[in-house]
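Count residues from 1 along the sequence.
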Amino acid sequence: MNNPLFEALFATGAAGATALEAEDRGYSYAELDQETARYANALSELDVQPGDRVAVQAAKSTANLIAYLAIVRAGAAIVPLNTAYTLAELDYFIADAEPSLIIVDPERDPGIAARAPRVRIATPATLSALARGASPAFETAPRAESDLAALCYTSGTTGRSKGAMLTHGALTANARALVAAWRFTPADILIHALPIFHVHGLFIATHVPLMAGASILLQPRFDAGAVIAAMDRASVLMGVPTFYVRLLAQEGLTREAAAGMRLFVSGSAPLLASTHEAFAARTGKAILERYGMSETLMNTSNPYAGRRVAGSVGSPLPGVELRVVDDAGNLAPAGVAGAVEIKGGNGFGGYWRAPDKTRAAFTADGWFRTGDVGHLDAEGYLHLAGRASDLIISGGLNVYPAEVEAAIDAVSGVIESAVIGLPNADLGEAVTAVVVAEEGEGRPSEARIVTEISERLAAFKRPKRVIFVDALPRNAMGKVEKARLRRTCAPGN
C-alpha cells in the first residue's frame, strides 16, 4: 500500500525544477520533498497519527501550504477552515471534526485554547520551528485510495455545514483529469492568488501544477496589479469571477501583458457573459469556465481546444458522468432545465458522521444530487440556472434566478444583479431583483430595467421590485450570499 495522493504530486517534477516560489524563497521539487518530510516529522512530534484530522485556520503562506502537503504525507486528513470564521463558529467545526491538532494564527490561539482545552493547538510559527529542527527524511504513511485525505465543510446555505469526506482516490483522479484536460506540462507556471481554505485554491491550484511537474508562483492574496506584473513570467491563472472583474479595471491589463499566458480559468461562482466578452476583447484570451463543488471537486470544463461558450461551464471531464433529470427522475431533453446529478471517481465518500444526509444526497442508482439546476444544450455543454434552493416559485410557476439575472445584466448601466424570491401574500414569492448600477446619467431606473427585459422574459419572471445597492454580499470565493440578501431585503427590514 502506498500514499496515492502524495506520491502522485511528486511523481513527475524533476528534482532540480522549481516547484513552489513565493516572496520569501523558492523550493525545487527535491527541496519541497525535504520540507514536507520535516513538517511531517513535526506533526508526528505533536502526536498526529495516520487517520487523524488536522484542522487549519491560518493565513495563506508558503509554510501553511507545505504544512498541508505534510498532513497528506503523514497520513492525516486536513480540515481547512475559512480564516473569517469567528471563535463561536469554530466551536461547531471543532466539535464535529474532532481534530487531534488545530493549527491557528497566534491571535486565535488563546481563544481556541479556552474553548477546546483538550485539543492540541499549534501556531504556524510553532510548527515551523519544530520543522526546522526535524529530519529531512520521513517514511510516507501508507494510505488506501478510499482513505480520507480532507474533510471540507460545505458553505451551509441550507442549514448546518456538512463535512464532505474527500478521499485520496478522488483527489488524485480529479487532478489527473484536469492535468490532461487543461494540458498542463512541466513548462507551466501557475499564478496562485486564491485562498487555501477552499477546494479551488488548496486542491485544484496546488495539485494540478504539482502533478504535472509545473511551478506554483504563490501570492499571499489576490492583488490585480501583482497578478498582471507576474504574467510576463507565468502561463496560467486560476481565479474566481471577481478576479477578472478587478483585472479589467486595471489599465495594465492589455494584450501585451497577457501575451505569454496560455490559460485563464474561472470557477467557484458564475462568470457573467459580459465579463467573458470584455476580457476576450481586452486580452485576446477566452476565459475557460468550469464547474465544481466541495463534494465532487471539478465536474465539467469548457474545452481547452474548442469553443468556449460564455455562460456555460462546458461538458463533463473524463471519468465524470453527468445527467439532468426532471422531477420524476427522467432524463430532461436538451434545452430543458432540471436537476443536475453527478457520478464518477471524483465523488466524495459521503458526509462526515451523517449517514442520513449521505443517503439523501444520492439517488437509488448512485448518482449524487448536486442541488444545482441547469440544462444541457445540443452540444452537451452544461448551462447552470442556479441552486435548487434558490428556485423561486411565484404564483405556482418556477422562476430560475440565473435567467432573470442574465436579462437584467444586459441592460445598459447595470453592473451586476442578484434575483431572489421574497414572501408575498398573493404570489407566495415575489421575484425581486437586487441591482448594482453605474452612477450618473446612464444609471437605469427600476422602470427602465423592467421595460427592457419585458421582451426577453414572460411577465411572471419579471421582478415585482428592484432594489439598488452599492455591492452584492459575497463569500470568500465570490459567490453571492443570497440567503443574506433574502434576510436583509425581506419586507419590514
What pair of heavy atoms forms the shortest contact from A385 to A402, and how long is it? O-CB, 3.1 Å
The test is side-chain contact (heavy atoms from CB on, under 4.5 Å); show your working for L391 and V399 and say whether it passes. CA-CA 6 Å; L391 175 69; V399 179; 5.8 Å; no
Do the non-hydrogen side-chain atoms of I112 and I94 ever get within less than 4.5 Å of each other? yes
Any chance you could measure I189, atom CD1, to M261, atom CE, to the nearest 0.5 Å? 10.0 Å
Can you tell me if D390 and Y400 form a side-chain donor-acceptor pair at under 3.5 Å? no
Exercise: identify the closest heavy-atom pair between T83 and A59: CG2-N, 4.2 Å
Quick check against the 3.5 Å criterion: does S312 have a side-chain atom that pairs as donor or acceptor with the backbone of V309? no
Heavy atoms only: give me the nearest L422-R486 pair and the separation to one decimal. CD2-O, 3.8 Å
Between A259 and K285, the two heavy atoms sitting closest are O-NZ, 3.5 Å
Do you know which two heavy atoms are closest between M165 and W352, and how far apart they sit? SD-CE3, 3.6 Å
Just how far is it from atom CG of N299 to atom CZ of R290, taken to the nearest 0.5 Å? 9.5 Å
When you look at D96 and R353, which way does the salt bridge (Lys or Arg N to Asp or Glu O under 4.0 Å) test go after all the steps? CA-CA 8 Å; D96 193 60; R353 294 177 175 171; over 6 Å; no
Sub-3.5 Å donor-acceptor pair from the side chain of D188 to the main-chain atoms of V236, do we have one? no
Sole residue of L384, V324, L382 in side chain to side chain contact (heavy atoms under 4.5 Å, CB included) with D372: L384
On the 0 to 90° scale, with breaks at 30° and 60°, tag the F264-Y244 ring pair as parallel, tilted or perpendicular. perpendicular
Do V79 and V56 have side-chain heavy atoms sitting under 4.5 Å apart? no
Here the gap from L166 atom CG to C152 atom SG, rounded to the nearest 0.5 Å, amounts to 4.5 Å
Would you compute the distance between atom CG of L253 and atom CZ of R282 and round it to the nearest 0.5 angstrom? 5.0 Å
Are any non-hydrogen side-chain atoms of F203 and I196 less than 4.5 angstrom apart? no
Could you check whether any side-chain heavy atom of V72 comes within less than 4.5 Å of a side-chain heavy atom of H168, counting everything from C-beta outward? yes
What about F348 and F362, are their ring centers closer than 6.0 Å? yes
So that I can tick it off, tell me whether R474 and E416 are bridged by a salt bridge, with the cut-off set at under 4.0 angstrom between side-chain N and carboxylate O. yes
Validation row: E89, L81 side chains within 4.5 angstrom (heavy atoms): no
Quick one: does any side-chain atom of T172 pair with a main-chain N or O of G169 as donor and acceptor, under 3.5 Å? no
R308 bridged to E289 by N-O distance under 4.0 Å: no
Do you know which two heavy atoms are closest between L194 and G201, and how far apart they sit? CB-CA, 3.8 Å
Can you check side-chain contact (heavy atoms from CB on, under 4.5 Å) on I392 and V404, steps first, answer last? CA-CA 11 Å; I392 301 167; V404 185; over 6 Å; no
T432 side chain vs A430 backbone, donor-acceptor pair below 3.5 Å: yes
Do K60 and R221 make a side-chain contact, defined as non-hydrogen atoms from C-beta onward lying under 4.5 Å apart? no
May I ask you to decide if the ring planes of Y92 and Y153 are parallel, tilted or perpendicular, using 30° and 60° as cut-offs? perpendicular
Compute both the distance and the angle, then confirm whether K357 meets the cation-pi test with Y351: under 6.0 Å from the six-membered ring centre, within 45 degrees of the axis. no
Answer yes when K482 and E405 have at least one side-chain N-carboxylate O distance shorter than 4.0 Å, and no when they do not. yes
Show your reasoning for whether side-chain contact (heavy atoms from CB on, under 4.5 Å) applies to S301 and L288. CA-CA 7 Å; S301 173; L288 184 152; 3.1 Å; yes
Begin from the C-alpha positions of Q57 and I103 and carry the test side-chain contact (heavy atoms from CB on, under 4.5 Å) through to its verdict. CA-CA 6 Å; Q57 192 200 37; I103 302 172; over 6 Å; no
Supply the atom-to-atom distance I342 CD1 to R323 CZ, rounded to the nearest 0.5 angstrom. 10.5 Å
Check the pair E446 / K464 against salt bridge (Lys or Arg N to Asp or Glu O under 4.0 Å), numbers first and verdict last. CA-CA 10 Å; E446 177 176 4; K464 302 298 182 284; over 6 Å; no
Under 3.5 Å, side chain of T283 to main-chain N/O of A258, donor-acceptor pair present? no
Treating T275 as the side-chain partner and L271 as the backbone partner, does any N or O pair qualify as donor plus acceptor under 3.5 Å? no
Can you confirm whether more than 12 heavy atoms, excluding those of D470, are under 6.0 Å from its CG atom? no
Is any side-chain heavy atom of P401 closer than 4.5 Å to one of I420? no
For S394 and E429, indicate whether the former's side chain and the latter's backbone hold a donor-acceptor pair under 3.5 Å. yes
salt_bridge(R307, E379) N-O dist < 4.0 Å: yes
Within a 6.0 Å radius of atom CZ on R448, are there more than 12 heavy atoms belonging to other residues, nucleotides or ligands? yes
Counting heavy atoms not belonging to E251, are there more than 12 under 6.0 Å from its CD? no
Using a strict threshold of under 4.0 Å (side-chain N to carboxylate O), is an ion pair present between R233 and E21? yes
What's the spacing between T242 OG1 and R246 CZ if we round to 0.5 Å? 5.5 Å
Could you walk me through whether D105 and R108 pass the salt bridge (Lys or Arg N to Asp or Glu O under 4.0 Å) check? CA-CA 6 Å; D105 288 327; R108 286 293 179 92; over 6 Å; no
Determine whether a donor-acceptor pair (N or O, by modelled atom type, separation under 3.5 Å) exists between the side chain of D326 and the backbone of A332. no
Keeping the roles fixed (side chain from H192, backbone from Q219), state whether a donor-acceptor pair exists under 3.5 Å. no
Using distance alone, with no hydrogens and no angle criterion, decide if R262 and Y304 have a side-chain donor and acceptor under 3.5 Å apart. yes
When you measure from the side chain of T62 to the backbone N and O of A22, does any donor-acceptor pair fall under 3.5 Å? no
Kindly determine whether R443 and E438 satisfy salt bridge (Lys or Arg N to Asp or Glu O under 4.0 Å), including the steps that lead there. CA-CA 5 Å; R443 185 178 178 86; E438 296 175 358; over 6 Å; no
State, with a plain yes or no, whether a side-chain heavy atom of L202 is found less than 4.5 Å away from one of F197. no
